[in-house]
> 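Attaching a single structure in structure tokens format; questions to follow.
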Amino acid sequence: DSGVTQTPKHLITATGQRVTLRCSPRSGDLSVYWYQQSLDQGLQFLIQYYNGEERAKGNILERFSAQQFPDLHSELNLSSLELGDSALYFCASSTGGGATTDTQYFGPGTRLTVL
Amino acid sequence: DAKTTQPTSMDCAEGRAANLPCNHSTISGNEYVYWYRQIHSQGPQYIIHGLKNNETNEMASLIITEDRKSSTLILPHATLRDTAVYYCIVRVASGYSTLTFGKGTMLLVSP
């Protein structure tokens, strides 16, 4: 158990819909990272927040957005969902702002299925 | 960050040492070698990292060659629970860098 929690575990929805995935980092961690893992693309970094501010952006679509709240939990919002958005979405957290020496600890993931 | 090359898959008998190689021939002097693993559909799990010296922790040992162009992750006594995809990742040591996962090595530990 990494100490990172994600809800829900599974989510099934239809194309065109919007969903919100939630992540609570380990106690004391200030950074939250979001990753997407699909069969064809592998594990891809989407976005990082550090203490409420966006710190880095990866391959995140414009239909996707995230935020980190004052209590440091984060939400990833996915809108206008397409079949190709079906994937595992992982959240990770680290103590600092993402320096190389920061170890990232991953949550158990949310499996999103778009029908 | 430098590119890494890993075998697609490896087998290991339970109780034996599992030696997972990683080639990073273009690594720079200021880049770390990190290892993560992912047990089926679970979140990736940090294993170990190193810069130039060999490292050991409760999970594994990391052996980095003197020229730093390759490394080996060693699980000294593999168990069935070590069956997973193992990712070798190179990251710049100073400043900021994200984790970039490649395809990794699928390690199958059999009884």
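No hydrogens, no waters, no symmetry mates; every other heavy atom, side chains included, goes into these values. Each chain gets a letter, A, B and so on, in the order its sequence line appears, and its residues count up from 1.
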> At a heavy-atom separation under 4.5 Å, does A:L88 approach chain B through its side chain, its backbone, both, or neither?
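Contact with chain B involves the side chain of A:L88 alone.
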> Group every Ile, Leu, Val, Met, Phe, Trp and Tyr by side-chain heavy-atom contacts under 4.5 Å, then state whether A:V19 and A:I60 land in the same group.
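Cluster IDs for A:V19 and A:I60 match.
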> Does one hydrophobic cluster hold both B:I47 and B:L20, with members joined at side-chain heavy-atom distances below 4.5 Å?
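Yes, B:I47 connects to B:L20 through the hydrophobic network.
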> Do A:Y33 and B:L99 have side chains that approach each other closer than 4.5 Å (heavy atoms only, starting at C-beta)?
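Contact flag for A:Y33/B:L99 side chains = no.
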> Using a heavy-atom cutoff of under 4.5 Å, enumerate the residues of residues 64-74 of chain A that contact chain B, numbered in order, or state 'none'.
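So far as heavy atoms go, nothing in residues 64-74 of chain A approaches chain B to under 4.5 Å.
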> Would you give the length of the straight line joining atom OH of B:Y46 to atom CG of A:D102, rounded to the nearest 0.5 angstrom?
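It is 11.5 Å, given to the nearest 0.5 Å.
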> Report yes or no: do A:Y35 and A:L81 belong to one cluster of Ile/Leu/Val/Met/Phe/Trp/Tyr joined by side chain heavy-atom distances under 4.5 Å?
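No; A:L81 is not reachable from A:Y35 via cluster members.
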> Please give me the minimum heavy-atom distance between B:Y87 and A:Q37, naming the atom from each residue.
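Scanning both residues completely, I find the closest heavy atoms to be OH-NE2, 3.8 Å.
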> Report yes or no: do B:I74 and B:L108 belong to one cluster of Ile/Leu/Val/Met/Phe/Trp/Tyr joined by side chain heavy-atom distances under 4.5 Å?
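No, B:I74 does not connect to B:L108 through the hydrophobic network.
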> Is it true that atom CG of A:L39 has more than 12 heavy atoms of other residues, nucleotides or ligands lying nearer than 6.0 Å?
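No, the 6.0 Å shell around CG holds no more than 12 heavy atoms from other groups.
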> Decide yes or no for B:Q38 and A:F90: does some side-chain heavy atom of the first lie under 4.5 Å from some side-chain heavy atom of the second?
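Result yes, sub-4.5 Å side-chain heavy-atom pair found.
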> Spell out, yes or no, whether B:I27 and B:Y86 are grouped together once hydrophobic residues are joined by side-chain heavy atoms under 4.5 Å, including indirect joins.
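The answer is yes; both residues are in one hydrophobic cluster.
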> Take atom CZ in B:R16; do more than 12 heavy atoms of anything else shown fall under 6.0 Å from it?
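Atom CZ in B:R16 is not crowded, with 12 or fewer foreign heavy atoms closer than 6.0 Å.
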